[in-house]
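To start, the structure under review is shown below, and the notes come after it.
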Amino acid sequence: EMQLVESGGGLVQAGGSLRLSCSASGFTIDDYGIGWFRQAPGKEREGVSCIRRIDNTTYYSEPVKGRFTISSDNAKNTVYLQMTSLIPEDTAVYYCGTVIPSRFCSETFYVSLYDYWGQGTQVTVSS
């Protein structure tokens, strides 16, 4: 019932920008968070950013602070990740996931707390 679909990935040169979208459906409660995670080849999934739907509080991991911005359009049930000043180290499959309750959205980004995931969208940043 709960579904997440990511889109917006692609190939971009270093210094460029991409805007990822996470479309959510099937939610019957409001107290949840949406997080963006990424996984590069040979690495574990790591948190990037998350937003608490109940108060719109946002969190970012250190490598993306100042470069990425998370936002939401509640009318469209969509969360966005605006990525700027991209570097090759940002190359990964990006996933959005849900976490309940929303306070579990934090800068710790514990992967195990997130219950539902989208299929992922590939982001490749060339040198």
Side-chain angles (χ1 to χ4, degrees):
E1 183 175 350
M2 292 184 177
Q3 290 186 300
L4 301 171
V5 180
E6 303 96 333
S7 62
L11 175 64
V12 65
Q13 288 186 294
S17 301
L18 283 174
R19 184 182 179 90
L20 306 183
S21 298
C22 175
S23 179
S25 63
F27 293 95
T28 59
I29 61 174
D30 294 326
D31 190 13
Y32 64 91
I34 298 290
W36 284 100
F37 290 72
R38 64 187 183 186
Q39 188 165 19
K43 293 188 175 182
E44 296 182 345
R45 188 169 299 189
E46 64 176 1
V48 175
S49 182
C50 67
I51 183 168
R52 298 180 181 181
R53 303 308 313 121
I54 195 166
D55 61 7
N56 292 319
T57 304
T58 60
Y59 298 88
Y60 299 90
S61 63
E62 194 64 32
V64 309
K65 287 181 179 178
R67 300 190 297 119
F68 292 8
T69 302
I70 191 170
S71 62
S72 66
D73 185 335
N74 291 335
K76 296 181 178 180
N77 291 324
T78 301
V79 172
Y80 303 96
L81 185 68
Q82 179 67 51
M83 307 184 295
T84 62
S85 301
L86 285 162
I87 58 177
E89 289 77 10
D90 295 320
T91 296
V93 177
Y94 283 70
Y95 301 89
C96 62
T98 63
V99 62
I100 299 172
S102 64
R103 62 184 172 88
F104 287 168
C105 159
S106 71
E107 63 271 20
T108 58
F109 297 103
Y110 287 117
V111 174
S112 62
L113 294 177
Y114 287 73
D115 301 307
Y116 296 92
W117 299 92
Q119 84 288 349
T121 185
Q122 177 71 49
V123 172
T124 303
V125 184
S126 63
S127 301

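Values below: every heavy atom of this structure, side chains too, minus hydrogens, waters and symmetry copies. Model, not experiment: these values are computed from the prediction.
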Any idea which heavy atoms bring T121 and G9 closest together, and the distance?
-> OG1-N, 3.1 Å
Of all the heavy-atom pairs spanning L4 and T98, show the shortest one and how long it is.
-> CD1-CG2, 3.6 Å
Minimum heavy-atom separation for Q122 to T124, with atom names?
-> NE2-OG1, 3.3 Å
Kindly compute the distance separating CD (E107) from CD (E62), expressed to the nearest 0.5 Å.
-> 10.5 Å
Side-chain donor or acceptor of S102 paired with backbone N/O of R52 under 3.5 Å | no
Any donor-acceptor pair under 3.5 Å linking the side chain of Y60 with the backbone of I70?
-> yes
If Ile, Leu, Val, Met, Phe, Trp and Tyr residues are connected whenever their side-chain heavy atoms lie under 4.5 Å apart, and connections chain through other members, are V99 and Y116 in the same group?
-> no
Out of curiosity, N77 CG to I34 CD1, how far, rounded to the nearest 0.5 Å?
-> 9.5 Å
Determine, using the 4.5 Å side-chain heavy-atom cutoff (strictly less than), whether Y59 and Y110 are members of one ILVMFWY cluster.
-> yes
Closest approach of F104 and Y114, non-hydrogen atoms and distance?
-> O-OH, 4.3 Å
Taking every non-hydrogen atom, the tightest pair across I100 and D31 | CG2-O, 3.9 Å
With distance as the sole test, does S61 use its side chain to make a donor-acceptor pair with the main-chain N or O of G47 at under 3.5 Å?
-> yes
Output yes when a side-chain donor or acceptor of E6 lies under 3.5 Å from a complementary backbone atom of C96, and no otherwise.
-> yes
Would you find more than 12 non-hydrogen atoms of other residues, nucleotides or ligands less than 6.0 Å from D30 atom CG?
-> no
List the steps, then state whether side-chain contact (heavy atoms from CB on, under 4.5 Å) holds for L18 with F68.
-> CA-CA 10 Å; L18 283 174; F68 292 8; over 6 Å; no
Cluster question for you: counting only ILVMFWY and a side-chain heavy-atom cut-off of under 4.5 Å, with indirect links fine, are L113 and V111 together?
-> yes
Disulfide (SG to SG under 2.5 Å) pairs touching residues 34-81, sequence neighbours excluded, are C50-C105
Given the rule in the side-chain contact (heavy atoms from CB on, under 4.5 Å) test, do Y95 and Q39 qualify, once you have shown the distances and angles that lead to the verdict?
-> CA-CA 8 Å; Y95 301 89; Q39 188 165 19; 4.3 Å; yes
Would you please indicate if the ring centroids of F37 and W117 are separated by under 6.0 Å?
-> yes
Are the side chains of R38 and L81 in touch, meaning some heavy atoms are under 4.5 Å apart?
-> no
Between the main-chain N or O of Y80 and the side-chain N or O of S21, is there a donor-acceptor pair closer than 3.5 Å?
-> no
Minimum heavy-atom distance S85-R67, with the two atoms named = O-NH1, 3.0 Å
Do S49 and M83 touch side chain to side chain, with heavy atoms closer than 4.5 Å?
-> no
Step through the shown structure and confirm whether more than 12 heavy atoms of other residues, nucleotides or ligands are within 6.0 Å of NZ on K76.
-> no
Would you give the length of the straight line joining atom CG of N56 to atom OG of S72, rounded to the nearest 0.5 angstrom?
-> 5.0 Å
From W36 CH2 over to L20 CG, what is the distance, rounded to the nearest 0.5 angstrom?
-> 4.5 Å
Does T58 use its side chain to pair, donor to acceptor, with the backbone of I51 at less than 3.5 Å?
-> no
